[in-house]
Amino acid sequence: MTATPDTTAMPRPAAPVRAAVPAATPQTSTLLHAPVIDWFAVHARDLPWRRPEAGPWGVMVSEFMLQQTPVSRVLPVYEEWLARWPRPADLAAEPPGEAVRAWGRLGYPRRALRLHAAASAITERHGGEVPQDHARLLALPGVGEYTAAAVASFAYGQRHAVLDTNVRRVLARAVSGVQYPPNATTAAERRLARALLPEDESTAARWAAATMELGALVCTARTPSCTRCPIAAECAWLAAGSPAHDGPPRRGQTYAGTDRQVRGKLLAVLREAVAPVPQAALDAVWHEPVQRARALDGLVADGLVEPLADGRYRLPLT
DNA sequence: GACTCGTGGAA
DNA sequence: TTTCCAAGAGT
């Protein structure tokens, strides 16, 4: 286990005091790796994007769809998507509006637009092959720190810290001894995740998938099944008596009455329509004209909706 | 860092 | 019924 420097600029006077995170010693790592990886070997779900035939493109599509959306709702859309667009170039060859339509009700439809844009970039810049390099993945539209690491790790077997909400929760409990991680990912969490990463590349990739799956199936947000947990004996949170979360409340998301709800209703009309939609059809989805106009303007600004010269609207052709 | 951005199922 | 929350990214 190599100690990773946590700063790139070495001379730094008055380094900030770090939170008292339990040291991720080599002993801690080796203690956790085997149980979690062995558990994964037995309990991993048979998800289509984990099968060899999915390939890097399948992995990437699944990662886009799974951003803030549960597996159960992604499954059918994923299958249709890969059947229709088996390669990035297939998707890039169609208008972005078709991606938005096929996205259906997965939510956050800008992800569909970004996946289409990513497919175009892959086609143009990478010869139609999903890049392997983390930096090149990160440069694609809609690919952030998590997704770049996930594709590099799951599709190409590389060694990366894959920090999603599941992994963050597992580490918060097992190592840091708290019920929930902070609202936003911190530098301390990244340090911890990197320190816990197995040295061996393929082991690291399995560790990433295994910790994620553990968080999804056992170490869940609401009612974790600690009796089924392979590392219950090592869990700092359990050892501390499963103390309740303290600190600021985790942000709830109100939805009713927001612009997001209005945008969703507007876009739903356009997804179902086979021809451009007249203004009146959009006016019918929301009573309040100011908010309705703001939502529609936002959709146009985002490139999710295309206004026509005759006053009608449609999903974007370009 | 704080916000915004959809949707629907489960507790 | 209301609340929570689900493999985040971009601004």
Side-chain angles (χ1 to χ4, degrees), chain A residues 40 44-45 47-50 54 58-78 100 103-115 117-118 137-155 160-170 179-187 189 193 205 208-217 219-224 245 248-271 285 291 294-295 297-299 301-305:
Chain A
F40 184 64
R45 291 168 291 180
L47 300 171
W49 43 86
R50 285 182 179 160
V59 171
M60 173 168 278
V61 169
S62 77
E63 292 303 336
F64 269 78
M65 292 183 172
L66 288 163
Q67 290 168 5
Q68 301 284 280
T69 303
V71 167
S72 60
R73 286 181 26 222
V74 165
L75 284 169
V77 183
Y78 171 87
V100 174
W103 198 255
R105 306 187 67 81
L106 286 182
Y108 291 145
R110 290 187 296 189
R111 291 182 294 164
L113 231 38
R114 291 176 185 146
L115 181 51
L137 287 165
L138 197 56
L140 296 172
V143 176
E145 184 180 339
Y146 162 76
T147 302
V151 172
S153 182
F154 303 154
H160 290 282
V162 181
L163 257 192
D164 80 318
T165 186
N166 290 304
V167 176
R168 295 180 61 216
R169 190 173 53 248
V170 168
Q179 187 178 22
Y180 296 119
N183 276 329
T185 306
T186 63
E189 287 183 274
T211 48
M212 192 174 304
E213 190 78 335
L214 186 64
L217 298 183
C219 194
T220 55
R222 283 184 180 167
T223 52
H245 176 75
R250 308 154 71 216
R251 274 188 67 232
Q253 355 167 343
T254 52
Y255 181 64
T258 62
D259 285 5
R260 290 156 79 175
Q261 184 183 21
V262 184
R263 286 166 58 106
K265 286 179 176 296
L266 290 170
L267 204 57
V269 171
L270 291 162
R271 273 198 313 264
V285 307
Q291 189 181 25
R294 184 173 66 235
D297 285 350
L299 288 170
D302 287 346
L304 284 163
V305 173

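Letters A, B, ... mirror the listed sequences (proteins, then strands); counts begin at 1. Nothing here was measured: the structure is a model prediction, and the numbers come from that model.
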Can you pull every protein N or O that's under 3.5 Å from an N or O on nucleotides 9-11 of chain B?
{"unit_1": "B:dA11", "atom_1": "O4'", "unit_2": "A:Arg222", "atom_2": "NH1", "d": "3.1"}

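- Taking atom CG of residue A:Leu138 and atom C1' of nucleotide C:dG8, one finds them 13 Å apart after rounding to whole Å.
- Among the nucleotides C:dA7, B:dT4, B:dT7, the one closest to the side chain of A:Arg105 is B:dT7.
- Residue contacts shown for A:Ala221 are limited to sugar-phosphate atoms, with no base heavy atom under 4.0 Å away.
- Heavy atoms of A:Phe154 sit nowhere under 4.0 angstrom from any nucleic acid atom.
- Comparing B:dG6, C:dG8, B:dC5 against the side chain of A:Asp164 picks out C:dG8 as the nearest.
- When rounded to the nearest whole Å, the span between CG of A:Leu106 and P of B:dG8 equals 10 Å.
- Nucleic acid contact class of A:Phe64 (heavy atoms, under 4.0 Å, all strands): none.
- C:dA9 and B:dG8 have their P atoms separated by 23 Å, given to the nearest Å.
- Taking 4.0 angstrom as the limit, A:Arg169 places a side-chain polar atom (N or O) nearer than this to OP1 or OP2 of C:dA6.
- Listed by chain and residue number, A:Glu213 satisfy the side chain to side chain donor-acceptor pair (under 3.5 Å) test with A:Arg50 (two or more places apart in sequence, or in another chain).
- When rounded to the nearest whole Å, the span between CH2 of A:Trp103 and P of B:dG6 equals 12 Å.
- Within the 4.5 Å cutoff, side-chain heavy atoms of A:Met60 are placed close to those of A:Leu137.
- The side chain to side chain contact (heavy atoms under 4.5 Å, CB included) search around A:Thr165 returns A:Arg169, not counting sequence neighbours.
- Remark: A:Arg263 is in phosphate contact with B:dG6, judged by side-chain N or O atoms under 4.0 Å from OP1 or OP2.
- Taking atom P on both nucleotides, B:dA2 is separated from C:dA7 by 23 Å, rounded to a whole Å.
- Between A:Trp103 and A:Met65 the shortest side-chain heavy-atom distance falls below 4.5 Å.
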